[in-house]
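Input: a single structure, listed below in C-alpha cells.
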Amino acid sequence: MSASTQPFRRDDGGLIDRNRPLSFRFDDRAYQGFDGDTLASALLANGIRLVGRSFKYHRPRGILSAGAEEPNALVELRSGARREPNTRATVTELFEGLEALSQNRWPSLAFDLLSVNSLLGPALQAGFYYKTFMWPASFWEKLYEPLIRRAAGLGRAAGLEDPDHYEKAFAFCDVLVIGGGPAGIAAALAAGRSGARVILCDEDGRFGGRLLAERREIDGQPAAVWLSAALAELASLPDVTIMPRSTVFGVYDHGVYGVVERVSDHLAVPPPHQPRQRSWRITARRAVLAAGAIERPIVFAGNDTPGVMLAGAVRSYLNRFGVLPGREAVVFTAGDDGWTTARDLAAAGVRVAAVVDPRSGIDPALTGLAGRIGARIITGAVAAAAGGRALRAVTVREASGREESIACDLLAVSNGWNPTLHLTSHQNTRPVWDEAIHAFVPGTMPVGLSVAGSAAGRFSLAEALADGARLGREAAADIGFDSAAEPATPITDPEGVALSPVWRVKGGKGKAFVDFQNDVTDADIELAAREGFKPVEHLKRYTTLGMATDQGKTSNIAGLAIMAEQTGQTIPQTGTTIFRPPYTPVAIGALAGHHRGRDFRPTRMSPTHSWSQRQGAVFIEAGAWMRAQYYPRPGETDWLTSVNREVLAVRNGVGLCDVSTLGKIDIQGADAADFLERVYCNGFKALQVGKARYGLMLREDGFVMDDGTTSRLGETHFLMTTTTANAGKVMQHLEFCHQVLWPRLDVRMVSVSEHWAQAAIAGPKARAVLQGVVDAEHDISNEAFPYLAARAVTVGGGIPARLFRISFSGELAYELAVPAGYGEAMMDAVMAAGSAHGITPYGTEALGVMRIEKGHVAGNELSGQTTARDLGLGKMMSSKKDYLGRLMARREALVEAERPCLIGFRPVDPAQRLRAGAHFIGIGKPATMQHDEGYMTSVAYSPVLGHWIGLGLLKNGPQRIGERIRAVDPVREGDVEIEICSPVFVDPEGTRLHG
Amino acid sequence: MRIACPHCGPRDVQEFSYLGDAKPQRPDGMDATEAAMADYVHQRDNPAGSHRELWYHGAGCHAWLVVTRDTRTHAIAAVETMAQARAGAPA
Amino acid sequence: MGEIGTTWTARGAWSGIVAPGVFSASGAGVNVQLREGLGIASLIASREQEPMLGRALESRLGLSLPTGPSAVSSASHTLVWAGAGQWLLVAASRAGVAEDCAGLAGLAAVALQSDGRAVLTLSGTMARKTLAKGCMVDLHPRAFPVGMTALTSIAYIGVQLWRSEDGPDGAVYQIMVPRSMAGSFWSWLCASGMEFGLVVATGQD
Amino acid sequence: MPGPLDRNRIPMRYSIFSLAAQTLKGHRGWKPAWRDAAPKPAYDVLVIGGGGHGLATAYYLASQHGITNVAVIEKGYIGSGNVGRNTTIIRSNYLLPGNTPFYELSLKLWEGLEQDINYNAMVSQRGVLNLFHSDAQRDAFARRGNAMRLAGVDADLLDREQVRAMVPFLNYADGRFPIQGGLLQKRGGSVRHDAVAWGYARAADRRGVDIIQNCEVTGLSIDNGRITGVETTRGPIRAGKVALAVAGNSSRLAAMAGMRLPIESHVLQAFVSEGLKPLIDTVVTYGAGHFYISQSDKGGLVFGGDIDGYNSYAQRGNLPVIEDVMESAMALWPGLGRVRMLRHWGGIMDMSMDGSPIIDHTPVEGLYLNAGWCYGGFKATPASGFCFAHLIARDAPHEVATAYRLDRFATGYVIDEKGAGAQPNLH
C-alpha cells in the first residue's frame with residue numbers, strides 16, 4: 001500500500017506499519033492512516049491542520065502537541081452511544097473504521113458562525129460576566145444563562161446508556177514505576193532484577209517514551225536496540241508486570257495509586273467479555289515517577305494558528321509517525337532543544353526557512369548545523385503568526401526591532417520543558433522553582449514516591465537512564481530487595497540542554513494565548529492583575545487559566561510568568577498551583593466498574609425468594625433485600641385489593657409471611673443477660689429461659705435506635721432480633737459496646753441472620769396449622785406454649801427449628817425458624833398444613849397494614865428523631881439500671897411535655913384517604929409552620945374497619961383522643977379532617993394475641 | 001488509605017468504618033452525671049495533628065481498633081486492638 | 001443432605017442462581033466448583049478457654065486451632081480463623097457438624113451456620129486474575145501462601161476466602177459468601193471471569 | 001445604613017455600560033475589586049475567616065448595621081476555603097423548624113444578591129430535585145415537602161412519570177433502587193461559587209471594611225473572660241468583638257480560647273467533568289446513594305457524594321469514596337459512562353453533632369461563633385452572614401437563627417434532620 005493518499009506521509013521511517021493501512025473518517029470525510037498512528041498523526045499525514053474550534057472565541061485550532069497535554073485537538077470520537085467528547089486526537093490510537101467529529105463549531109469546522117465571538121473579543125475579557133447580566137434579575141435564567149450555556153461546553157456527550165462494560169481490579173507490588181520511557185524502563189529493570197514485584201505503567205500503547213520520538217543513540221547504537229533488549233528482559237522477569245495504555249491518574253494515601261487501563265480503546269469495539277476500560281487500585285510499597293516532561297509554548301500574537309506546534313511534537317510526528325507536519329518550517333526556540341527539531345526537519349526533507357533564537361552565544365555546533373541545512377539564523381523572536389485556519393507566515397522581530405515576515409506552514413516552538421510532576425502534588429504539596437532549569441520541580445513528595453529523569457527536571461537522556469537505574473534500585477533496596485552489582489549506566493550521544501526561556505513576545509497584532517483551551521490571553525492576565533486577582537488561585541479562578549480539560553499542562557507557567565511580570569515579582573514569589581487528580585480525565589464508567597444497573601449494590605434474597613416467586617409475588621426493594629410485597633391472585637387488578645384480601649385472611653383465618661430478613665444475633669456468655677440490660681432500655685435479667693421479650697434499644701444520645709424481640713434460649717444464651725434495616729448497624733453497635741465500652745463482660749456474639757429462614761404464621765388458626773408442621777413430640781398448645789414462648793422444636797421429622805410465639809399483627813401468631821436451606825420446604829409444609837384452613841401467603845404490605853392496625857411502631861416511626869416516650873414506650877425505660885441513652889434521654893428537650901407523641905387517626909369522612917407525611921393543623925388555623933402540631937408517620941387502609949387509618953406524632957397526642965384536627969398535605973393538595981384516636985385500632989384488649 | 005489491622009494485616013480503608021475520637025470515656029453507672037455524659041457524647045478535641053480514633057473492621061474481623069493518625073497528612077503511626085490500647089493507655 | 005429422616009427437601013445455596021456449565025465464548029481459565037452440603041459452625045472461644053478449646057479440637061479432629069488468619073484442614077474438616085478468638089469449623093458433611101461441636105459447651109459459643117453461607121472453590125490458571133477484579137487483598141503467592149485466610153469484601157459482599165491448596169493450575173481458593181448475596185456474588189464472578197472462560201461444576205468432594 | 005465612605009476609593013459600578021466603556025479603553029480603567037488592606041491596630045469588629053460566611057458577615061455588618069470599622073482577616077487568600085470548593089448548590093428544602101426559615105431567608109437573599117452587591121454571581125434557580133426510591137422515602141419527602149410549604153417555601157412532590165418528564169435520561173429501566181419520584185424545589189439551583197466571595201468582598205470593601213489576606217491568627221487575647229483582640233502573623237490587632245467564621249478550622253480557633261466544640265472536621269470530596277454541551281438543566285440528588293449532580297454554566301458536570309467519613313484537615317480524600325460517587329453516578333445516569341471526570345478535590349467540613357450549624361455567643365464575652373455547617377455551608381452563606389452580623393451587632397440572635405445555639409447538645413434541642421444522632425460522619 002502506498003502512501004499516496006497521505007500527502008504528508010514520509011516515504012519511510014517511523015514506528016508505523018505501512019503494510020496495515022487503516023481507514024477512518026473525520027468530519028464525515030474518509031481518510032487513511034497506518035497501524036501505529038494516532039488520530040493526530042493520521043490527520044497530519046493527510047494534510048489536515050484545522051481540527052477544532054476554541055472554547056470562547058471559536059478560533060480555528062490545530063494540533064499543538066503529540067501527547068496527553070494537547071489543549072486544541074479535541075474531537076468527538078466514535079458515534080451513537082459510544083460517542084466520547086473532548087477526546088485528544090494526539091493520544092487516540094488509530095483503528096479501522098475510526099470516526100471522529102470536530103467539536104464546538106456550527107455549522108462547520110471551516111465556517112463557524114460563533115467565531116463572531118472573536119470580534120466581540122475585546123468585551124469578553126476575563127470576568128466580564130461578573131460585571132453584567134444583572135438586570136433584570138429574572139432575565140438571568142430566562143435569557144442570559146441559556147445563551148451562555150449553549151455557547152459554552154466543548155463536545156457533546158452521547159446522552160445514551162454506555163453499551164460497553166467496565167471493571168475494577170486491585171493490584172499490589174513492591175515498586176510501581178510510572179512512565180515507560182528511558183527512566184522508567186531503567187527503574188523497572190533495576191527493581192525487577194532485585195526480585196521485587198514491579199509494575200510498570202505507561203499511558204501509551206508502546207513503551208519507550210521520548211525514545212520513540214528521537215533519533216538517539218545508546219551505547220553507540222540506535223536507542224531502539226537498547227529499548228527492545230530492555231523490554232525483552234522485563235518481559236522475562238516473572239514478577240514484573242507491564243501495563244501499556246495504563247495511566248496512573250492519582251496518588252492516594254499510603255501508597256495507593258489510581259490507574260485506568262484502556263483495555264479496548266484502541267479497537268473499534270471491545271472484544272466479547274472484555275471491558276472497555278479497567279480501573280485499578282494499585283497498592284505499592286514504593287513508586288518511581290518517571291513521567292517525563294511537557295514542552296512549553298510561547299505566548300505571542302496568533303500563537304494558536306494551526307501550524308504552530310511544539311518543537312518536540314514536530315519530532316514525534318517526523319520520527320515516530322513518519323509524518324511531515326509541514327513543508328516550509330520556521331523554528332522558534334529559546335534553547336538548544338529546538339535546534340534538534342531543525343535538524344530532524346531537514347533530515348526529513350522539510351525546508352527550514354529559519355531558526356529564530358533570541359539567545360546570543362549559541363553553541364557553534366548548533367549554528368553550524370543551521371548552515372548545513374540551509375536555514376537562516378535569526379537572533380530575535382517570533383512576534384506573530386498569521387494565517388487564520390492554517391499558518392501562512394510568521395512575523396520575526398530581530399533584537400534591533402526590525403521585523404520581517406517569513407512564509408511558512410509550520411512553526412516549531414521550543415521553550416524548554418516542564419517536569420511532569422503532577423502526581424507529586426496530589427497530596428497538596430507544592431512544587432518548587434528551580435532557577436537553573438527555569439521550571440518547577442517536585443517539592444515535598446508523597447511518602448514512598450521518588451522521581452526520576454525529566455520528571456525531576458533532569459532532562460538529558462543520560463540523566464534519565466542513570467536516575468531510573470539508581471532510584472529503581474534504591475526503591476527495591478529500601479524494602480529489602482538487594483541487587484547484585486549495579487550494571488554500568490549506558491552511554492548516550494551528546495545533547496544540549498541550554499535554555500533561556502521566553503514567556504511572551506509582546507507587541508504582535510492579535511490575540512496571544514496563554515491557555516489555548518480556555519481561550520485565556522495575556523491581556524486577561526493583565527486585567528486580573530489590575531483588578532487585584534493576584535494570588536495564583538485568584539488568577540486561575542478569575543481567568544479560568546488552567547481550568548480546562550488539560551488542567552493547564554501547557555499554560556500554567558506562562559500565566560504565572562506574565563502575572564509575575566505584572567506584579568514585579570519572580571515566578572516562585574507569584575506561586576504555583578497544585579495539580580489535582582486525575583492526571584488526565586478518567587471516564588466515570590471506568591471508576592464505577594461493575595457497579596451499575598442491578599449491580600450497583602448487592603441484592604439480598606430471602607431463602608424463600610423463589611418460593612414467593614412461584615406464588616406470584618410482587619417484590620419490592622427493602623433496603624438491601626428484595627421482599628415479597630403482596631401476592632396478587634388472578635383477577636386482582638390493583639395492589640389494594642390483594643392486600644385487603646391478605647389482611648382479612650390473616651384476621652379471619654391464617655396467613656404465612658416470610659420474615660427471614662430480620663437481623664438475628666446469637667449472644668452467649670455468663671454476662672449475656674447483663675450485657676442486654678445495658679444495651680436495651682428495658683430489663684432482660686428476669687427473662688425466663690424459653691421466653692421472648694420485646695426490647696427497645698436507645699442510642700447514647702437518648703433517641704430510639706432499634707427494636708426487636710430477644711429470646712432466652714438458655715441461661716447464658718440469647719437470640720436477639722433486629723429490624724431488617726438496622727441488622728448490620730446493631731451488630732456493629734453491639735461489638736462496640738462489648739469491645740470498647742465493657743470488655744470485662746463475658747459475652748460473645750455472632751450474626752446468624754443468614755443461617756435461618758423464618759416465617760410468621762398468623763391468624764386465629766395459626767396453631768392448628770402449626771400443629772401439622774411441628775413434629776408431634778412438641779406440645780404447642782396454648783398452655784404448653786403460651787404467648788412469648790420461645791423454644792427449640794423440630795419440624796418435618798427431625799429438622800432442628802425454633803419456634804417463637806410473637807406477633808406483629810396482633811393475632812395469635814408464631815414465627816418459625818428453620819435452617820435456610822429448608823426455608824422453601826417450610827413454606828410448602830406450612831401451606832400444605834394450612835390448606836384446609838385457607839392459609840394465605842401475605843407480603844410486607846399486609847404486614848404493614850396489620851402493624852398499623854395494632855399501633856406497632858416500625859421504620860417510619862423509628863426515624864432517629866423519636867424518643868421512647870414519643871412512641872408511647874416511655875414506661876419501658878428502666879429506672880433501676882444503667883443503659884445506653886439513659887442520661888441523655890433525660891435532657892430537657894427530650895422530656896418536654898409538648899413533644900409530639902404517637903397516636904392514632906381516622907378520617908372523619910370514612911371515604912377519605914390519609915397520607916403519610918401530612919402535617920397536623922388545628923381546624924380553622926392557618927396552615928403555617930407556627931401551627932404545625934406534628935405529622936402522620938404511617939397510614940394504611942384497614943379492611944377490617946373499612947376506612948383509612950393512620951399513626952402519627954402529635955403534640956400532647958395521647959391527651960387529645962376524640963379531638964378533631966386536620967391532616968394537611970399541601971404537596972398532594974390534601975386537607976383532611978381527622979379524629980384523634982387510640983393507636984390500637986384492632987383488638988385493643990389483646991385477646992386475639994392470647995387466643 | 002490503608003490500615004494495618006493487627007489481626008488481618010494491612011487492608012484498604014474501604015473495609016473499615018469510622019466512629020471518631022477514642023479519647024472520651026463513657027461515664028458508666030448510675031452515678032454518672034448528665035453533664036459528664038453530654039460532654040462524652042458531644043464534645044470533641046478535633047485536633048489538626050495526631051489523633052487517636054476508633055475504627056471498626058466491619059468488612060474484616062469485626063474488631064474495633066484504635067488508630068493513631070495525623071489528621072493533616074493521614075499518616076498512621078499506630079494501629080492497636082482495644083486490648084493493646086488499654087494496656088498501653090496512660091493510667 | 002438429608003441427614004435426618006425428613007421428607008423435607010433442602011435447597012442448596014446456589015440453587016436457582018448458577019448451574020453447571022461453561023460461561024464463555026472460549027477458554028477455560030477459571031474452574032468453579034459449587035459446594036453444597038457442608039457443615040459450618042462458628043466457634044467463639046469462651047473467656048480464657050482458648051487453650052482448652054484448642055486441645056478439645058485437637059483431640060476430636062486432629063486439627064490445631066489457628067491463632068492468626070489461616071486455615072488448617074484434615075480430610076474431613078477445616079478450621080478457619082474468623083477474627084480474634086473466632087473460627088469457622090467446616091465439615092465435609094453437614095450431618096455431623098452439630099455432633100462435632102457437641103463437646104465444646106463451655107469452651108466456645110457455638111452457632112450453626114451451615115445454611116448461612118454459599119461456598120465455592122475457585123481454581124484454574126486465571127483464578128487469581130479473576131479474584132483481583134474485586135478482592136482487595138494481595139493474593140500473590142508470597143503474600144497469601146497456602147493455608148492463609150482473609151475476611152474481606154468483594155463487590156460489597158463480605159467474603160471469607162482461603163487458599164486451601166495448590167493444584168496443577170496454581171492456587172485453589174475456597175470462598176464463602178452470605179447465602180442471601182450468592183446471586184450478586186455470582187453476577188460479579190461471572191462478569192469478571194468470562195473473559196478467561198468459567199467452567200462451573202457442582203462438587204461433592 | 002452605609003458608613004462614611006471615601007468617594008475617591010470607590011471602584012466604578014459594574015454594568016453593561018461600564019463594561020462597554022472599558023472595552024473601548026482596552027479595559028485599562030478597571031480598579032482592584034477590593035483593596036489589599038494592611039491591618040490597623042484596632043477594629044470594632046474583627047471577623048476571622050475570609051470565606052463566604054466571613055465576608056458576608058462583614059458586608060451585612062456594614063450594610064445592615066452601619067458597623068464599618070470592621071476587618072476580615074484571612075490566613076491565605078479570600079475564598080480559599082469551602083466557598084471555592086463546593087458543588088455550588090443552593091436550596092432551602094429543610095424539614096425542621098429550626099432550619100427551614102433560616103435557609104429560606106438565605107434563598108431570598110440569594111434571589112436579590114446580585115442587585116444588592118452589584119456583582120453577578122450567576123445565581124441560577126434551575127431547581128433542585130431530590131429523588132426517592134421507596135415508599136418510606138416518599139413518606140419522608142412528603143413530610144419534608146409539607147414542612148416546607150407550611151413555612152412558605154416552594155416544594156413539589158413529583159411522581160415517577162413527572163420525574164421522567166423532567167430528567168428523562170436517568171435510569172428508569174433496571175436501577176437497583178428504582179426511581180419512584182422526587183421532591184422538587186424549583187427555586188433551588190446553583191451559583192458561581194468564587195463570585196460569591198469576590199462579590200461580598202468587593203461590596204464590603206466599598207463600605208469601608210478592610211480585607212486583610214495572608215494574616216493568620218496565632219492566638220486570641222482574652223482578658224478576664226472578655227476578648228480584647230487577636231495575635232496574628234502580621235502582629236496583634238485589638239478588637240471590641242471577634243467573630244469566628246472559619247468552618248473546618250473552628251475547633252482549632254476555639255481551642256485558642258480553651259473551648260471544645262461539638263464538631264469534627266471531615267473531608268468532603270467534589271468532582272467536575274470535562275466541559276460538555278448542555279445535558280442537565282437542574283440539580284438532581286440520588287436518594288439511594290449519596291450523590292448530587294448539576295452542570296455549570298461553563299459546561300462541566302459538578303457532582304459529589306458522601307464525606308469520606310474520617311477526621312481530616314488534609315483537603316483531600318481517598319479512592320473508595322471516589323468510586324462510590326462514580327458508581328452512584330452510573331447507577332443513576334448510565335449515559336455518563338464515557339463522560340470523564342476532570343478534577344476532584346476535597347474541603348474541610350465542620351461536621352456538627354446534629355448536622356446543623358451554630359451561630360451563637362461563646363462563653364468568652366465578645367467572642368462569637370459561626371460554625372458547624374457540615375457540607376451545607378455554601379447555600380447558607382447569605383443568611384449566615386446576615387444572622388451572624390445581627391448577633392454581633394445586637395447581641396441577640398436573629399429570629400430565624402434562634403435554634404442554632406451552642407448549648408443545644410446539653411439541653412437536647414438538637415436539629416437532627418437525618419435522625420442520625422450524635423455522630424458527625426452520619427449526617
Side-chain angles (χ1 to χ4, degrees), chain A residues 165 167-172 197 239 271-275 278 281 283 593-595 598-599 601-607 609-610 624-625 660-661 666-670 717 746 748-757 794-800 818-826 828-829, chain C residues 1 3-13 15-17 24-26 36 40 42 44-47 85-86 94 98 108-117 129 132-140 142-143 155-157 178-185 187-188 191-192 194-197:
Chain A
H165 91 267
E167 61 189 28
K168 299 187 189 188
F170 299 84
F172 300 81
R197 290 164 66 190
D239 271 325
H273 313 307
Q274 293 270 356
R278 187 181 285 135
R281 206 183 288 180
T283 303
H594 174 67
H595 299 290
R598 299 286 328 160
D599 289 309
R601 289 292 176 269
T603 304
R604 297 182 76 180
M605 302 287 197
S606 154
H609 187 85
S610 26
W625 293 91
S660 305
T661 59
D666 185 277
I667 301 173
Q668 302 187 38
H717 190 185
D746 182 7
R748 285 161 294 285
M749 65 204 75
V750 66
S751 168
V752 293
S753 303
E754 294 279 343
H755 178 64
W756 297 97
T794 57
V795 293
I799 296 167
V818 297
Y822 289 111
E824 300 205 357
M826 167 179 69
D828 283 333
Chain C
M1 287 185 230
E3 72 275 25
I4 303 153
T6 178
T7 53
W8 290 21
T9 310
R11 185 182 167 90
S15 176
I17 290 167
S24 164
S26 62
E36 303 281 15
I40 305 168
S42 63
I44 312 178
S46 299
R47 168 169 293 188
Q86 306 193 26
R94 65 183 266 155
V110 176
L112 290 180
Q113 304 278 13
S114 307
D115 289 44
R117 303 284 185 276
K129 276 201 164 166
K133 295 185 187 184
C135 180
M136 295 181 284
V137 175
D138 185 0
L139 297 179
H140 187 273
R142 286 210 295 266
Y156 299 104
I157 297 164
R179 181 191 186 102
S180 68
M181 291 192 258
S184 291
F185 184 78
S187 174
W188 167 82
S192 301
M194 282 275 264
E195 69 164 312
F196 311 122

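Lettering follows sequence order; numbering is per chain, from 1. This is a predicted model, so every value here is computed, not measured. Side chains are part of it too, since the values below use all heavy atoms of this structure and drop only hydrogens, waters and symmetry mates.
Looking at A98(C), neither its backbone nor its side chain comes within 4.5 Å of chain A, counting heavy atoms on both sides. For T283(A), no part lies under 4.5 angstrom from a heavy atom of chain C. There is no contact between D828(A) and chain C, counting heavy-atom distances below 4.5 Å. Looking at D599(A), only its side chain comes within 4.5 Å of chain C, counting heavy atoms on both sides. At a 4.5 Å heavy-atom cutoff, the contact between S114(C) and chain A is made by backbone and side-chain atoms alike. At a 4.5 Å heavy-atom cutoff, S606(A) makes no contact with chain C through either its backbone or its side chain.
Between chain C and the residues M826(A), R197(A), H165(A), the largest count of heavy-atom pairs under 4.5 Å involves R197(A). For the options P602(A), G593(A), A169(A), heavy-atom pairs under 4.5 Å to chain C are most numerous at P602(A). Of the listed residues R117(C), K129(C), Q113(C), the one with more heavy-atom pairs under 4.5 angstrom with chain A than any other is Q113(C). Ranked by heavy-atom pairs under 4.5 Å with chain A, the first of A155(C), S42(C), G16(C) is A155(C). Ranked by heavy-atom pairs under 4.5 Å with chain A, the list S46(C), G85(C), A108(C) is led by S46(C). When C135(C), G183(C), A191(C) are compared by the number of non-hydrogen pairs under 4.5 Å with chain A, C135(C) comes out ahead. The candidate with the highest count of non-hydrogen atom pairs below 4.5 Å against chain C, out of A825(A), S610(A), A829(A), is A825(A). Contacts with chain A were tallied for V110(C), L139(C), L112(C); L112(C) has the most, counting heavy-atom pairs under 4.5 Å. Note: R601(A) leads Q274(A), R601(A), K168(A) in heavy-atom pairs under 4.5 Å with chain C. In terms of non-hydrogen atom pairs under 4.5 Å with chain C, the most contact-rich of R604(A), Q668(A), R748(A) is R748(A).
By the 4.5 Å heavy-atom criterion applied to side chains, Y822(A) and V795(A) are not counted as neighbours. Between S184(C) and I157(C) the shortest side-chain heavy-atom distance falls below 4.5 Å. With a 4.5 Å cut-off on side-chain heavy atoms, R94(C) and I40(C) do not count as touching. No side-chain heavy atom of M605(A) sits under 4.5 Å from any side-chain heavy atom of I17(C). Using a 4.5 Å cut-off on side-chain heavy atoms (C-beta onward), F172(A) and H140(C) make no contact.
The line from OG of S660(A) to NE2 of H755(A) is 12.0 Å long, rounded to the nearest 0.5 Å.
Looking at every heavy atom in both residues, G197(C) comes nearest to S24(C) through CA-CB, 3.2 Å. For the pair W188(C) and H594(A), the tightest heavy-atom approach, listed with the atom from each and the gap, is CA-NE2, 3.4 Å. Of all the heavy atoms in E36(C) and G12(C), the pair that sits closest is OE1-CA, 3.2 Å. Pairing each heavy atom of D138(C) with each of A143(C), the nearest pair is OD2-CB, 3.4 Å.
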